[in-house]
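The next block holds one structure in the form of structure tokens; read it before the comments.
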Amino acid sequence: MSAAAPTPRANQGEPVVRYDARAKVTGEALYASDVAVKNPGYAYLVTSAIARGKITGFDDAAAKAVPGVVLVMTHLNRPAVKPATFFFAGGAGLSSTAPLAGPDVTHAGQIVALIVADSFEAAREAAHRLVVRTDAQAPAADFGSPGATSVSRAAATKEPDAKKGNALGAIASAAAKVDLKYSTPTQHHNPIELFTTTCHWEDNKLVVNEPSQGVYATRAGIAEQLGIDVDDIHLVSPYVGGGFGSKVAVGHRTALVALAAKQLGRPVKLVASRADGFSIAGYRQATEHRVRLGADKAGKFVGYQHDQSELTDRTDGYNNGGIDNVACMYAFGTVGSVGTLVQADRPPPVFMRCPAELPPMFALESAIDELAEQLGMDPVKLRQLNDTRVNPVTGSPFTSRSLNECYDEAAAKFGWAKRNPKPMSMRDGDWLIGYGCATATYPTQMMSAVARVTLYADGRAKLETAASDLGTGSYTVLQQAVADGLALPVDRVTVALGDSALPPGAISGGSVGASSTVSAIIDACTKIGATLGINGPITGENRTAAFARAGRTPVTAMGEYIPSQSKAKDTSGLYMGKVDIGGGSKGPTTQFAFGAEFVEVHVHSLTREIRVPRMVGAFAAGRILNTRTARSQLMGGMIWGLSSALHEATEIDRRDARVVNDNLGEYLVPVNADVVDVDVILVPETDTKVNPAGVKGIGELGNCGTAAAIANAVYHATGKRIRDLPIVIDKLI
Amino acid sequence: MRPFEYSRAGDALDAVRAASVAAPSPTESPVQYLGGGTTLVDLMKLDVMRPTRLVDITGLDRKRYGAVEVGDKGVRIGALARMSEVADNAELRRDYPVVTDALWLAASQQLRVMARVGGNVLQRTRCSYFRDTKFTSCNKREPGSGCAALEGQNRGHAILGGSGDCIAMYPGDWAQALIALDANVEVLGSGGARSIRFADLHRPPGSTPQIETVLKPGDLITAFVIPASPVAKRSLYRKVRDRESYAFASASAAVALDLDGDTVRDARIALGGVATVPWRAREAEASLKGKRLDQASATAAAKIAFAGAAPREHNRYKLPLGQATVVRALLEAQRMEIA
């Protein structure tokens, strides 16, 4: 075993090498835009320069005159198209607006025309030559901008804010308390694979090659926009080059490409530019927080009040849904919250890795560090003292919880005991050294899934389900689950994912993928065993004997999983693209995965560059299916957490409500040199209640503790508390 | 990108002849030289530059136009040398470390292999209002249209050398090394060959930010000549940025020192990441001459270097950061061990 393939501990699966590794390394794996289509037209988007106003017309003569241009589609000449139902209204729409709906512009970067040409270059040139005439109004860009409107989140969503007892009263009379403000910026997913769509029609049936985190959901949204049956769309998405939440909900581009292909009678291919990716597929909205936290003299929390404002769009008001999840971190005693939506002339936000957790966890975990200092307590001890076995808001029990074990293991590995608690007390030459830690968490959520498993008499098996692999290892862990259920060597199992011709799988979002699909696979294997007349687990021996007895016809079973935590009664909705996620903090049980993250930061004493030479994270998430892919995913989460802490911020020109750093030269993410030593510890945990697989999703878990850990370490190094992300030199010099 | 004609020059005079057309300035000329293309092609894709003809100069005689020669009297670097080739030159690294440092800390390995040093010094600004044609105000792109950066997002903009018409930052690194070491630039133009001081090459924006250099349309940079100097060995480039690699400077300093013990015989200080053009801090240098170099004198020099700074809303940090960078660079250069 190597660092990349940790030796499995209790309830952890083998570090099987990735199923798709060879295909990806050799280029054999075809991503959506790699798929060759015959004589495609190349599409290019024209997006709005203004954020608010009306389009009064187009000067399109120059664009149309570019040799090779075959279509300039605008709201004036587009075929009929409908809005998709907004995701949080039960549909799959990024927004409830229709593509090229009309002259109204609601945000900068809105798609206002689609150009198709015989070459990509001609389409791009025409896009630059198309003049969009507008009547612009001054937009509201930010919190506090004139024209931005505030509404109560509870009133807007009809979901009450988290509340237990009288938190403000408890805090007022607490022996120790903090009352602090924090903020997080707009951030964009920026998956390396761009937002691509290729469409062609075969006998009135639409074939879409597009990366999707949820094949059936995406297809349903496209069908709704085009007004056609879902069965008339074949969505193909076997590989996804990163998603982070940006490739589930359906924006405007796909329907327009499909309509252009139909009108032109030829395939149309769009590879949206990196810049367009900053407005057409959602983003993490900016947030502001006021955290009040009180404790008694011994450090026991007595009250937690967390007010959060989110900057969102005007049309649908996407929001993260309150602090219910974050309120599950500790035994707070009393909890209160006021959620506010600030609606401005921004594009529609969407979920982005740890959507409801990353911003408020940065605030809470920073505030705990500040309270620990006031109490004169070690911040690890303060957290462990306030561990809880029940949801502090609803009282429902956790299915399992190993936060304190994570702290013990990570602190020991990191060498936390060597920390001098005094700020600015540790130094190496010109570099100030700081240690910091914070809790990582993600609610364990599940959704319905169907998996078709076929077992052949010669000892091979096949799994088919329209789940997605975003590069995280879905192919591999699902292959292992089938091999496990049928007592086969893993290399005897083939896996087909990411295609709407397959049975409907769970989405890869909300960290539901592995737990839900493996639960469906367990059901399929049980059914195969029943068909073969096997009582109890399948073994090599009873499998061989059963085929000898029953004949050599392959056995196929449709495994189904409907989470007890979801509202779905059967899988009918799943076939229509419904996403029925349940779990987390809601319901008769409370289910979360936890982790503890420790970081060492170095800050230059003169020039204040911040470097992170070391990160240690320990995570407990029920059954770990594959220690290799799990470690990699958690490590990726921690690295993106570092990115969120130190690098990523979408800069908006307040006058135009327009992104100014819409490229990877100016929107920074970490490079290899920023990530030196990342140590991931997989803490054993067994959870028999959460789902049949015993799996808690880890897609997001690693991501949300890092920012506060870094902020706390920066304070320890410099004595300067940065409460607004990202932590950049500007704020420390 | 708009259609353009492409030709490959076999001879420098042919190239100059092809590019010597009437135009207000080289950046506005319909004919552009193509080296590595790492800036030009980007800007053409963005529709910011719209040349109708590209003259590819990468086929010119490499011995004559791409060699790196280190001799007793100094260094001559052909303009067609790749950034990576210059960065990897062992003699240069030993005797003129600031020259190789500044290249190593620039761009990425892929870009350093593609980009030629002649084009590198002419790299155009990263100002978003310049690079995104949807912004209507940019005097550099559309003279007379205004400057959106003055009251806009200007965290990455210059605090030195700006004007009421433009505060776009000069983004390069290597130029700071050249200006610090009193380099000269050899230029071939329609009137023949000439040599100009590197310090005179770039023009601050003033009221004509579209005119970025003293070059005329058709002028081709053929070489950089760095004179031998007692300061060259004790020289370094300190670059401060938001991430460890592959980022433009938040502030940088090229520093070269000739010390007698701790007393400064000669000092060179050039600033990057803070100015509209490669920036030599001559008054700061003068303040150090004959003085003992320590934290106090370095800090005083850094203050002088930024005496004329004019920060805007989001780039105020560049003033203390720029000063800290100069102090750090000076003290680290002082500590360098020299063979």
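First the proteins, then the strands, lettered A, B, ... as listed; each starts at 1.
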Is a side-chain donor-acceptor pair under 3.5 Å present for [Y] with [X]?
{"X": "A/Ser183", "Y": "A/Asp724", "answer": "yes"}
{"X": "B/Tyr237", "Y": "B/Ser252", "answer": "yes"}
{"X": "A/Arg346", "Y": "A/Thr186", "answer": "yes"}
{"X": "A/Arg274", "Y": "A/Asn190", "answer": "yes"}
{"X": "B/Arg53", "Y": "B/Ser7", "answer": "yes"}
{"X": "A/Ser644", "Y": "A/Gln187", "answer": "yes"}
{"X": "B/Asp294", "Y": "B/Ser297", "answer": "yes"}
{"X": "B/Gln176", "Y": "B/Trp279", "answer": "no"}

Test: A/Asp653 and A/Arg658 ion pair at under 4.0 Å: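 Looking at A/Arg658 together with A/Asp653, the answer is no, because their closest N to O distance does not fall below 4.0 Å.
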Does A/Arg654 pair with A/Asp142 as a salt bridge, N-O distance under 4.0 Å?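 Not counted as a salt bridge, because no side-chain N and carboxylate O are separated by less than 4.0 Å.
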Heavy atoms only: give me the nearest [X]-[Y] pair and the separation to one decimal.
{"X": "B/Ile304", "Y": "B/Ser287", "value": "CD1-CB, 3.5 Å"}
{"X": "A/Val601", "Y": "A/Ala717", "value": "CG2-CB, 4.2 Å"}
{"X": "B/Arg112", "Y": "B/Ala106", "value": "NH1-O, 2.7 Å"}
{"X": "A/Leu311", "Y": "A/Ala344", "value": "CD1-CB, 4.0 Å"}

With a sphere of 6.0 Å drawn around CE of A/Met635, does it hold more than 12 non-hydrogen atoms of other residues, nucleotides or ligands?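 Correct, the count exceeds 12.
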I would like to know whether B/Leu40 and B/Met49 meet side-chain contact (heavy atoms from CB on, under 4.5 Å); could you show each step before the answer? CA-CA 7 Å; B/Leu40 174 65; B/Met49 291 186 75; 3.9 Å; yes
Return the option, out of A/Glu609, A/Glu666, A/Arg611, with the maximum number of heavy-atom pairs under 4.5 Å with chain B.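 Highest number of pairs under 4.5 Å: A/Arg611.
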Identify which of A/Ile652, A/Ile610, A/Leu646 forms the greatest number of heavy-atom pairs closer than 4.5 Å to chain B.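 Highest number of heavy-atom pairs under 4.5 Å: A/Ile652.
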If you count heavy-atom pairs under 4.5 Å with chain A, which of B/Ser128, B/Ser250, B/Ser108, B/Ala251 comes out on top?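 Top count of heavy-atom pairs under 4.5 Å with chain A: B/Ser128.
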Using non-hydrogen atoms only, which part of B/Lys318 is less than 4.5 Å away from chain A: side chain, backbone, both, or neither?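 Neither part.
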Region of B/Asp47 in contact with chain A, defined by heavy-atom distances below 4.5 Å: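 Both backbone and side chain.
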Does some side-chain heavy atom of B/Leu111 sit less than 4.5 Å from a side-chain heavy atom of B/Tyr246?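 Contact flag for B/Tyr246/B/Leu111 side chains = yes.
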If contact means a heavy atom pair closer than 4.5 Å, which residues of residues 725-733 of chain A contact chain B?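 Listed by number: A/Val728, A/Ile729, A/Asp730, A/Ile733.
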Close approach to chain B in residues 119-136 of chain A, criterion heavy atom under 4.5 Å: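 So the qualifying residues are A/Glu121, A/Arg124, A/Glu125, A/His128, A/Arg129.
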Chain B contact via [X] - which portion, at a heavy-atom distance below 4.5 Å:
{"X": "A/Ser48", "value": "backbone"}
{"X": "A/Asn672", "value": "neither"}
{"X": "A/Arg655", "value": "side chain"}
{"X": "A/Val675", "value": "neither"}

Can you check whether A/Asp430's main-chain N or O pairs, donor with acceptor, with A/Ser605's side chain at less than 3.5 Å?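 Checked: pair present.
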Applying a heavy-atom distance below 4.5 Å, give me the residues of residues 144-158 of chain B that approach chain A, sorted by number.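 Expected list: B/Ala148, B/Glu151, B/Gly152, B/Gln153, B/Arg155.
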Chain A contacts: which residues in residues 322-330 of chain B have a non-hydrogen atom closer than 4.5 Å to it?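 Within residues 322-330 of chain B, the residues under 4.5 Å from chain A are B/Ala324, B/Thr325, B/Val327, B/Arg328.
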Set out, in order, the CA-CA distance, both residues' side-chain angles and the distance that settles salt bridge (Lys or Arg N to Asp or Glu O under 4.0 Å) for A/Asp674 and B/Arg243, then state yes or no. CA-CA 7 Å; A/Asp674 291 299; B/Arg243 68 181 169 196; 5.1 Å; no
Before you tell me yes or no, could you show the steps for B/Arg292 and B/Asp262 under salt bridge (Lys or Arg N to Asp or Glu O under 4.0 Å), namely the whole-Å CA-CA distance, both residues' side-chain angles and the distance that decides it to 0.1 Å? CA-CA 5 Å; B/Arg292 191 186 143 79; B/Asp262 281 328; 3.6 Å; yes
Apply ring-ring contact (aromatic ring centres under 6.0 Å, His included) to the pair A/Tyr667 and A/Phe278, showing each step before the final yes or no. CA-CA 10 Å; A/Tyr667 182 96; A/Phe278 279 78; 5.5 Å; yes
